[in-house]
2 protein chains.
Amino acid sequence: MTHPRRGHAGRTGRRGGESGTRDAILSAARHRFGEHGYDGATIRAIAADAGVDAALVYHFFGSKERLFASVMRLPIIPGDVVEAALAAGARDSTRSPGEHLVLAMLTAWDQAEMRSTFLGLLRSALTSEQAAVMLRQFVADTILGRVALAARSAGADVSGDARYRASLVGSQVVGLVLARYVLQVEPLATASPAELAAAVGPTLDRYLTGDFG
Amino acid sequence: MTHPRRGHAGRTGRRGGESGTRDAILSAARHRFGEHGYDGATIRAIAADAGVDAALVYHFFGSKERLFASVMRLPIIPGDVVEAALAAGARDSTRSPGEHLVLAMLTAWDQAEMRSTFLGLLRSALTSEQAAVMLRQFVADTILGRVALAARSAGADVSGDARYRASLVGSQVVGLVLARYVLQVEPLATASPAELAAAVGPTLDRYLTGDFG
DNA sequence: TGTTGAATTCTACGGCTGTTGAATTTCCCT
DNA sequence: AGGGAAATTCAACAGCCGTAGAATTCAACA
């Protein structure tokens with residue numbers, strides 16, 4: 001009576017064929033972390049999504065924290081995207097640096113995998129102080145640093161307020177992302193990237209090189 | 001051996017004097033919800049902060065959800081603050097409506113009680129879909145509605161893009177709040193309200209009445 | 001002085017959590 | 001053919017969670 005079918009056989013034990021289970025777990029984890037944050041995502045739910053027992057997650061990743069770290073290893077480096085956008089804006093006369101920045105951000109966030117990863121980081125940072133410190137450090141090092149550099153080279157900067165300018169840029173970007181992808185405020189959530197670039201790009205340009213107190 | 005001392009007597013039973021326990025619970029709950037969000041805050045921790053048994057929280061409030069609702073009843077109405085700021089900006093020539101808006105926001109957020117309440121709402125909205133719907137509804141009704149109204153009356157609006165403008169304003173405000181009070185990005189977290197008003201106010205003015213695609 | 005009702009705590013239940021160790025099945029290499 | 005390694009599941013642990021009920025103490029009023 002025990003004729004093992006492919007997928008869920010007798011009970012325990014190895015399955016036939018290439019399983020790809022590890023990747024299934026990673027994908028499910030990215031989804032769950034993205035939707036519910038670190039604390040809200042449970043190992044059992046992730047395992048269930050991947051069609052697998054919870055213990056297998058531990059076999060592969062050792063702990064929830066290490067699973068989170070594995071998931072949050074980004075497939076692209078955000079700092080490079082920012083730098084490319086700023087460089088493109090400097091030589092392309094049809095669009096300003098700010099507009100390029102908005103477009104680059106929205107393009108990255110519109111890829112499902114990226115969006116889940118970023119959302120997971122953001123949601124976790126908002127509920128756990130530990131995650132907040134990590135995210136702050138990461139953003140300061142890889143993103144705000146490059147923006148500050150661009151601000152310094154583009155505009156005529158007297159004092160060292162480049163970091164101030166960069167943080168203003170960051171505040172508008174994170175607010176846009178939050179309103180569009182998390183809160184899904186309605187005209188914003190469905191507006192086209194080009195439309196948003198036209199609306200928000202000049203704000204970033206002014207923060208980067210404009211004149212204010 | 002059982003001489004009951006004021007504060008924590010024999011064991012169970014009522015304590016002497018006016019306890020003010022209910023308010024202590026409310027205050028502790030506001031703190032906890034603000035720091036950790038709805039899920040992260042536990043009844044037992046709230047009770048411990050208030051120096052009280054967890055069951056007493058249920059005696060007073062019935063359930064965690066009802067406690068949350070009691071805490072989140074705001075002492076002031078944000079919509080009124082927004083309206084007052086916009087009105088002041090219209091007749092006061094030394095500061096624009098956008099600058100008034102920023103100042104009003106920062107003033108509200110700098111009161112500890114307000115900040116905890118708002119943070120609780122925000123953090124909860126970011127991890128629970130249910131809370132997100134509630135917050136979105138609330139913000140749309142009481143805040144974005146008034147901003148949209150102001151945009152419509154102030155600028156020359158052809159189509160019904162007032163909601164679009166209002167949501168842009170909202171995105172910059174929420175981003176500023178997030179960067180300053182949650183992530184505590186450094187030049188922003190300690191900048192003076194006046195400084196931020198000068199930097200961010202014109203952005204809001206442009207979103208309200210400016211020209212873009 | 002009782003009696004009633006509110007304030008307060010103790011104890012416990014069932015459910016969910018991250019995590020572990022043993023058992024089982026399959027694959028791959030010799 | 002056989003044996004070791006990998007993949008997979010089951011069952012259980014201790015701990016925390018929200019919540020409910022009973023017991024106790026105090027205050028106020030008749």
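Order of the sequence lines fixes the chain letters, A, B, ..., with proteins taken first and strands second; residue numbering starts at 1 for each chain. We use all heavy atoms of the structure for the numbers below, so side chains are in, but hydrogens, waters and symmetry mates are not. Since we're looking at a predicted model, the values are computed, not measured.
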Item checked: Which nucleotide in D:dT9, D:dT8, D:dT19 has an atom nearest any side-chain atom of A:F60 -> D:dT8

Next item on the list: For the pair A:R180 (side chain) and A:A191 (backbone), establish whether a donor and an acceptor sit closer than 3.5 Å, ignoring hydrogens and angles.
Entry: yes

Next item on the list: Could you state the atom-to-atom distance from CG of B:D53 to C1' of D:dG21 in whole Å?
Entry: 13 Å

Next item on the list: Answer with base, sugar-phosphate or nothing: what part of the nucleic acid does B:A41 contact at a heavy-atom distance below 4.0 Å?
Entry: sugar-phosphate

Check: If you check the A:A54 side chain, which of D:dG21, D:dT9, C:dT19 turns out closest?
Finding: C:dT19

Check: Closer than 4.0 Å, any side-chain N/O of A:Y58 to the OP1 or OP2 of C:dT20?
Finding: no

Check: Does A:R66 make a cation-pi contact with A:F60 (under 6.0 Å, within 45 degrees of the axis)?
Finding: no

Notebook entry, point to check: Can a salt bridge be assigned to the pair A:E113 and A:R30 using a cut-off of 4.0 Å between side-chain N and carboxylate O?
Noted result: yes

Margin query: Need the pair for D:dG2. Rule: Watson-Crick or G-U wobble, both distances under 3.5 Å, any strand; none if unpaired.
Written below: C:dC29

Margin query: Using modelled atom types and a 3.5 Å cut-off, is there a donor and acceptor pairing between side-chain atoms of A:T203 and backbone atoms of B:T203?
Written below: no

Note to self: Does B:K64 qualify as a cation-pi partner of B:F33, given the criterion of NZ or CZ under 6.0 Å from the six-membered ring centre and within 45 degrees of its axis?
What the structure shows: no

Margin query: If I take atom CG in residue A:D39 and atom P in nucleotide C:dC16, what distance separates them, rounded to the nearest angstrom?
Written below: 18 Å

Note to self: Let's see if you can work this out: which of C:dG18, D:dT9, D:dG21 has an atom nearest to the side-chain heavy atoms of A:V52?
What the structure shows: D:dT9

Item checked: Separation of C:dT19 P from A:R66 CZ (nearest whole Å) -> 10 Å

Check: Closer than 4.0 Å, any side-chain N/O of B:H59 to the OP1 or OP2 of C:dT8?
Finding: no

Check: Considering only C:dC10, C:dT19, D:dT9, which nucleotide approaches the side chain of A:R44 most closely?
Finding: C:dT19

Check: What's the CZ-P distance between A:F61 and D:dA7, to the nearest Å?
Finding: 11 Å

Notebook entry, point to check: Could you state the CZ-P distance from A:R22 to D:dT8, rounded to the nearest angstrom?
Noted result: 12 Å

Next item on the list: Output yes when at least one side-chain N/O atom of B:T21 is less than 4.0 Å from OP1 or OP2 of C:dA7, else no.
Entry: no

Next item on the list: Report the base-pairing partner of C:dT3 (Watson-Crick or G-U wobble, both distances below 3.5 angstrom), or none.
Entry: D:dA28

Next item on the list: Identify which nucleotide among C:dT8, D:dG18, D:dC10 has an atom closest to any side-chain atom of B:L56, counting heavy atoms from C-beta outward.
Entry: C:dT8

Checklist line | Earlier contact from the 5' end, DNA chain C, for A:T42 and A:G62 | finding: A:T42

Checklist line | Distance in angstrom units between A:I43 CD1 and C:dG18 P, rounded | finding: 6 Å

Checklist line | Nearest-angstrom distance from the residue atom CD1 of B:I46 to P of D:dG18 | finding: 8 Å

